K.L.:
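First the structure, which I've put down as structure tokens, then a few questions once you've had a look.
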Amino acid sequence: MALLSAALLATALASTPAAAIEPDPAPAPAAPAPLEAYGALPSLELVELSPSGRRLAFVTVRGEDRILALVDLTTNRQLGRAGIGLAKVRDLRWIGEGKVMITTSSTETVRSLGIEQTEFYSGQIFDPASSKIVPMLSPSRNLFPALAGPPDVIEGDDPVVLVRAYSFEDTGGLDLYRVDPDTGRARLAERMARDVDDYVLDPSGRSIARGDYNPRSKVWTLLLRQGDGFQEKWRTTAPIDLPRIIGIGMNGDSIVVAADRPDMSREGREDADYFDVDLQTGVWRPLRFEVGFTALLFHPATRRLVGGAWTAEEGQQYVFFEEGAATLWAGVESVFPGQSPVLVSWSDDLRRAVVFTSGAGDSGTYHLLDLEEGAVTAVGDAYKAISPENVAPVSTVTYAAADGLEINGYLTLPPGREAKDLPLVVLAHGGPAARDTMGFDWWAQALASRGYAVLQANFRGSTGYGQEFLEAGYGEWGRKMQTDLSDGVRHLAAQGLIDPERVCIVGASYGGYAALAGPTLDKGVYRCAVSVAGVADLRRMVEHEAEERERRDNEVVRYWNRFMGDERLGDRSLDDRSPARLAEQADAPILLLHGRDDTVVPIEQSRLMAAALRRADKPHEFIELSGEDHWLSRAETRQRMLVETARFLQAHNPAD
């Protein structure tokens, strides 16, 4: 069948369910959904097409329990289902057409190996024909049953699962193993030195390029396959920003490497974000794109580069330069004009795709687009309990920071209320090298449903605005990164949208630090603050990262030193920007929430803050979330966080 044009596809789909998701430009006021609806885990997630595009796998959630379901799209019949329970599901991958690999994580301590609390990843394989789930690696002798990297599936008549794992026989070895999908047993596929932190596989499952990083010398080396071995083709000193092997080039005879700071002294090298490296000669060629891609996309079968994506103010955007992928995406855009759909999964022949939409009147919907049938159907909703009229309107906002730097962000307004003199919550994102995006944000929407305007500012140091904007955040913890937020408050107040006397600050991770820094470093702006898993003592946080790894002087420590603005371990200048050491200056009540299983920001950080506030006799509350990690992965504790946050805000900054 000939490929449908975008116009023909749009005509063919005019009477399909896609029309039902057109946003209502003026939703009628409605009673807010309960907070539990916003804090619940998505009722549908991890939607994955099989290689043929004829089958679908997804995870659905009932309370805390996750259920894996497989559906045959040609017959609309369920192929199988399996209860996953309370496991934290991180990924799904089809193994051919018959089995599905599940990646989960759990917080564990293995004292016999000298491993304190950390997040372990494990794999399981579900066979709907037998209704059995087999664990990966654990049946194999002398292998530690944890994934030492993301597993990979090589499709074909006999699909192959490959993953790195730790062998007790080879001390310190992290080799590549081939896993039997029927039994979960693994056998050695390739030896890999422990310093190999990056590699790419060809369609046969053989590694063709490796990145080797020596943490002692801080040297990253590119190794390319030459026959049965590897040859060094390039090396550079990389104290912090390591180059990354992204995938296979467009023609299949090269690899793509991301290198933010290439060796300018090497002949033939130019400054670029991505490079195409010839597998035979090792010659580097800069890849120039018309837009600044933040992610590259590769064909699901050939593994070759076919396009790229970036985040614009209106949402995720894509460009494809391979014909089949471009045709598929033209069809998607014709069906969802102006909605910035997100590509979730696609078939090997690029004839079917699952996309995700969210935004005005849409709390999150998965859709299946079929070029062969010329049809689009809704797969399901991410948040069933949140109706279209309960989705608060979100708009972009732009303002100038005190030093003139342009700051962009998003403003969510409470449904049914006039946009005038509203109470405001500044919701600071984590990272800090991350960003907020347009679309349905369960946390911002929950706060807006309680009557608050919500500002999500992409302060300096956020990603998505170029390297210069990112670097503008270096050394600005508690400084300009902080005042970028309060400058947003002043901007909204000048517009008459919010009441500057009714503002609180909320955030998690780095955003939790920003929430604590508000009352202690940027005083006089906020009536209260809520910190979830926030950093409170910068010097202690860096020391923790040093102690967690083999070498105290490691790339993670160097990363934090650069962003926080200190020059060495134990730099006491960080104390001047550590909320836990400035508790006596706090000018607003503070609520602390922290998961006991947090392996990113240890709960010690909030305990230090609580103790300091108690000694300073400052109003505060501290709630420890049992069994919760850094990402609020459990519905019960995520919902409790929202309930406690809303209670605290109402007590100190009523929305009424």
Side-chain angles (χ1 to χ4, degrees), residues 149-150 192-193 195-202 207-226 230-298 303-311 319 321 431 433-435 461-474 554-563:
M192 285 190 178
D195 288 344
V196 172
D197 70 336
D198 205 2
Y199 61 92
V200 64
L201 305 178
D202 67 11
S207 68
I208 53 176
R210 297 176 178 177
D212 183 292
Y213 184 68
N214 187 319
R216 293 179 180 273
S217 64
K218 306 178 183 64
V219 171
W220 187 89
T221 305
L222 176 64
L223 305 168
L224 300 181
R225 181 176 288 278
Q226 304 290 309
F230 285 82
Q231 287 186 7
E232 177 183 322
K233 291 296 184 179
W234 182 68
R235 62 168 51 199
T236 185
T237 302
I240 304 175
D241 298 313
L242 276 61
R244 293 174 293 118
I245 304 173
I246 305 297
I248 301 174
M250 286 184 281
N251 297 323
D253 57 1
S254 63
I255 58 167
V256 179
V257 177
D260 294 334
R261 290 291 182 270
D263 182 358
M264 300 299 290
S265 65
R266 184 177 175 87
E267 184 179 356
R269 295 299 308 278
E270 301 178 45
D271 189 16
D273 292 330
Y274 299 103
F275 294 86
D276 188 80
V277 183
D278 189 283
L279 284 169
Q280 292 302 314
T281 65
V283 172
W284 290 62
R285 179 175 63 87
L287 289 175
R288 305 291 187 191
F289 303 111
E290 293 183 2
V291 294
F293 289 147
T294 54
L296 298 183
L297 301 170
F298 296 85
R303 297 173 167 258
R304 297 183 182 184
L305 177 66
V306 296
W310 75 100
T311 303
V319 169
F321 27 81
R435 63 163 293 168
S462 300
T463 55
Y465 297 94
Q467 189 67 23
E468 186 176 343
F469 189 87
L470 176 71
E471 292 178 359
Y474 292 172
N554 58 70
E555 64 271 22
V556 177
V557 168
R558 292 191 289 272
Y559 171 85
W560 287 119
N561 284 347
R562 179 177 67 182
F563 240 120

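This chain uses plain numbering: 1 for the first residue, then up along the sequence. Note that the structure is predicted; figures quoted are calculated from it, not measured.
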K.L.:
Would you call the rings of W310 and F293 parallel, tilted or perpendicular, where under 30° means parallel and over 60° means perpendicular?
P.N.:
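Plane angle between 30° and 60°, so tilted.
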K.L.:
Check whether any side-chain heavy atom of R562 lies under 4.5 Å from a side-chain heavy atom of D241, and answer yes or no.
P.N.:
yes
K.L.:
Return the set of residues passing side-chain hydrogen bond (donor to acceptor under 3.5 Å, both in side chains) with D202 (not counting sequence neighbours), or none when no residue passes.
P.N.:
S204
K.L.:
Which residues pass the salt bridge (charged side-chain N to carboxylate O under 4.0 Å, His left out) test with R304, not counting sequence neighbours?
P.N.:
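Counting only residues at least two positions away or on another chain, R304 forms no salt bridge (charged side-chain N to carboxylate O under 4.0 Å, His left out).
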K.L.:
Atom CG of D197 and atom CG of L242: how far apart are they, to the nearest 0.5 Å?
P.N.:
6.0 Å
K.L.:
Using the side-chain hydrogen bond (donor to acceptor under 3.5 Å, both in side chains) criterion, which residues pair with D278? Sequence neighbours excluded.
P.N.:
T281
K.L.:
Using the test side-chain contact (heavy atoms from CB on, under 4.5 Å), find all partners of Q231 that sit at least two apart in sequence or belong to another chain.
P.N.:
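Q231: side-chain contact (heavy atoms from CB on, under 4.5 Å) contacts with Q226, K233.
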K.L.:
On a heavy-atom basis, which atom in W220 and which in A238 lie closest, and how many Å separate them?
P.N.:
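Smallest interatomic distance, heavy atoms only, reads CB-CB, 4.4 Å.
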K.L.:
Quick check: do W234 and L224 have side-chain heavy atoms less than 4.5 Å from each other?
P.N.:
no
K.L.:
With sequence neighbours left out, write down each residue that passes ring pair (Phe, Tyr, Trp, His ring centres under 6.0 Å) with F230, or none if nothing qualifies.
P.N.:
none
K.L.:
List in chain and number order the residues that pass ring pair (Phe, Tyr, Trp, His ring centres under 6.0 Å) with Y465, two or more places apart in sequence or in another chain; answer none if no residue qualifies.
P.N.:
F469
K.L.:
Could you pull out every donor-acceptor pair under 3.5 Å between side chains of residues 245-259 and any protein atom, sequence neighbours left out?
P.N.:
unit_1, atom_1, unit_2, atom_2, d
S254, OG, D276, OD1, 2.7
S254, OG, D276, OD2, 3.1

K.L.:
Would you please name every residue forming a side-chain hydrogen bond (donor to acceptor under 3.5 Å, both in side chains) with R558, sequence neighbours left out?
P.N.:
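In terms of side-chain hydrogen bond (donor to acceptor under 3.5 Å, both in side chains), with neighbours along the sequence ignored, R558 is linked to Y213, D553.
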K.L.:
Would you name the heavy atoms of A433 and F563 that are closest together and state the gap between them?
P.N.:
CB-CE1, 4.0 Å
K.L.:
Please test F289 against L296 for side chain to side chain contact (heavy atoms under 4.5 Å, CB included), starting from the C-alpha separation and ending with a verdict.
P.N.:
CA-CA 11 Å; F289 303 111; L296 298 183; 4.2 Å; yes
K.L.:
Return the set of residues passing side-chain hydrogen bond (donor to acceptor under 3.5 Å, both in side chains) with Y559 (not counting sequence neighbours), or none when no residue passes.
P.N.:
none
K.L.:
Just wondering, do V277 and L222 contact through their side chains at under 4.5 Å, heavy atoms?
P.N.:
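Yes, at least one pair of side-chain atoms sits under 4.5 Å.
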K.L.:
Would you check if P243 and T236 make a side-chain contact, meaning some heavy-atom pair closer than 4.5 Å?
P.N.:
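Yes, side chains in contact.
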K.L.:
With no hydrogens and no angle check, is any side-chain donor or acceptor of R225 less than 3.5 Å from a backbone partner on S207?
P.N.:
yes
K.L.:
Where do R303 and F298 come nearest, in terms of heavy atoms and distance?
P.N.:
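Nearest pair, atom of R303 first, then F298: O-CD2, 3.4 Å.
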K.L.:
Residues in side-chain contact (heavy atoms from CB on, under 4.5 Å) with T221, at least two apart?
P.N.:
D212, V219, L223, E232, R235
